[in-house]
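Notes to accompany the following structure.
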Amino acid sequence: MEILGIDIGGSGIKGAIVNTNTGELMSKKHRIATPQPATPENIAKTIKEMVDHFNWSGKVGCGFPTPLAHGKCLSGSNLHPSLKNVQIDDLFHKITGLNFNVINDADAAALAEINFGAGKNKQGLIAVITLGTGIGSGLFYNGQLIPNSELGHLTYKSEPFENYAADSIRKKEELSYKKWGKRLNKYFNHLELLFSPDLIIIGGGASKKLHKFEDQIKINAPIIPAENKNEAGIIGAAMAAN
Ligand code: BGC
């Protein structure tokens, strides 16, 4: 089935038509900058623009960078505080007239990797960790998603780890890959202490850069890049809407 997949991130909103049986993109990817401030209304307008770009009238699957329960944002995370408690699937439906299935962005990326990427046919506990504006996580156990795991919010010095080790922090503080890798090493050691995953898959924009910092990460679990690279979020969002 073909579904429009949209991945909403802190800096960009990306969409493409996805074949949910094969995980392939059936169109070119389209990117629109995330509006600032990223209020519910501004994001909804951008979603309408995306739907219009594809002249789309079918189902839409959307990955959203906050924890969600049944289409409702449980917090505003890095986007905007006013998103808390907004029924985001209804808002997108109102502005486009289309049916939306909205899930957490990292859960979406993990879904794509487990079905069509680096986690395919792998059993046990797999943590897909996305490194971008924030740190997102998608946890799978024997092929079953445990939603809304929010492991970027494990704490370091009383702050969420994502405020210390996200890719956006590397850029903002102009950290070398070595320095950033050392920060990530602290993060992955903490994660391993708590969850002992069998495999860690790196997703998000930084999946392409794993080779630049992997020598700093000293943990027991193997750590590998996502195969769908930056497209996992789009593919997984579409799959979840199937
Ligand atoms: C949010 C998560 C999201 C992650 C990556 C965090 O700030 O709380 O829900 O998955 O950023 O976008």
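All residue numbers in this chain count up from 1 along the given sequence. Counting starts at 1 for both ligands and their atoms, in listed order.
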Could you list the atoms of ligand 1 found under 4.0 angstrom from a heavy atom of [X]?
X    : result
N78  : 7 (O)
P65  : 1 (C), 2 (C), 3 (C), 9 (O), 12 (O)
G136 : 4 (C), 5 (C), 10 (O)

May I ask you to test the V18-M26 pair for a side-chain heavy-atom distance under 4.5 Å? no

Is the closest N or O pair between S137 and ligand 1 shorter than 3.5 Å? no

Do E150 and ligand 1 have an N or O pair less than 3.5 Å apart? yes

For ligand 1, indicate whether the residue [X] contacts it via side chain, backbone, both or neither (heavy-atom separation under 4.0 Å).
X    : result
S77  : side chain
N104 : side chain
T66  : backbone

Test: K94 and D90 ion pair at under 4.0 Å: no

Is the closest basic N to carboxylate O distance between D89 and K72 below 4.0 Å? no

Protein residue, atom and distance nearest to atom 5 (C) of ligand 1, heavy-atom basis: D105 OD2, 3.4 Å

When distances are taken from atom 6 (C) of ligand 1, the protein heavy atom at minimum range is E162 OE1, 3.2 Å

Report yes or no: does H30 contribute a side-chain atom to a donor-acceptor pair with the main-chain N or O of G15 at less than 3.5 Å? no

Parallel, tilted or perpendicular: which describes the rings of Y177 and F213, with under 30° parallel and over 60° perpendicular? parallel

State the NE2-CD1 distance between H70 and I103, to the nearest 0.5 angstrom. 13.0 Å

Separation between CG of L125 and CD1 of I200, rounded to the nearest 0.5 Å: 9.5 Å

Residue-ligand contact D107/ligand 1, heavy atom below 4.0 Å: no

Below 4.0 Å from ligand 1: does a non-hydrogen atom of P67 turn up there or not? yes

Can you confirm whether the side chains of T133 and S168 place a donor and an acceptor under 3.5 Å from each other? no

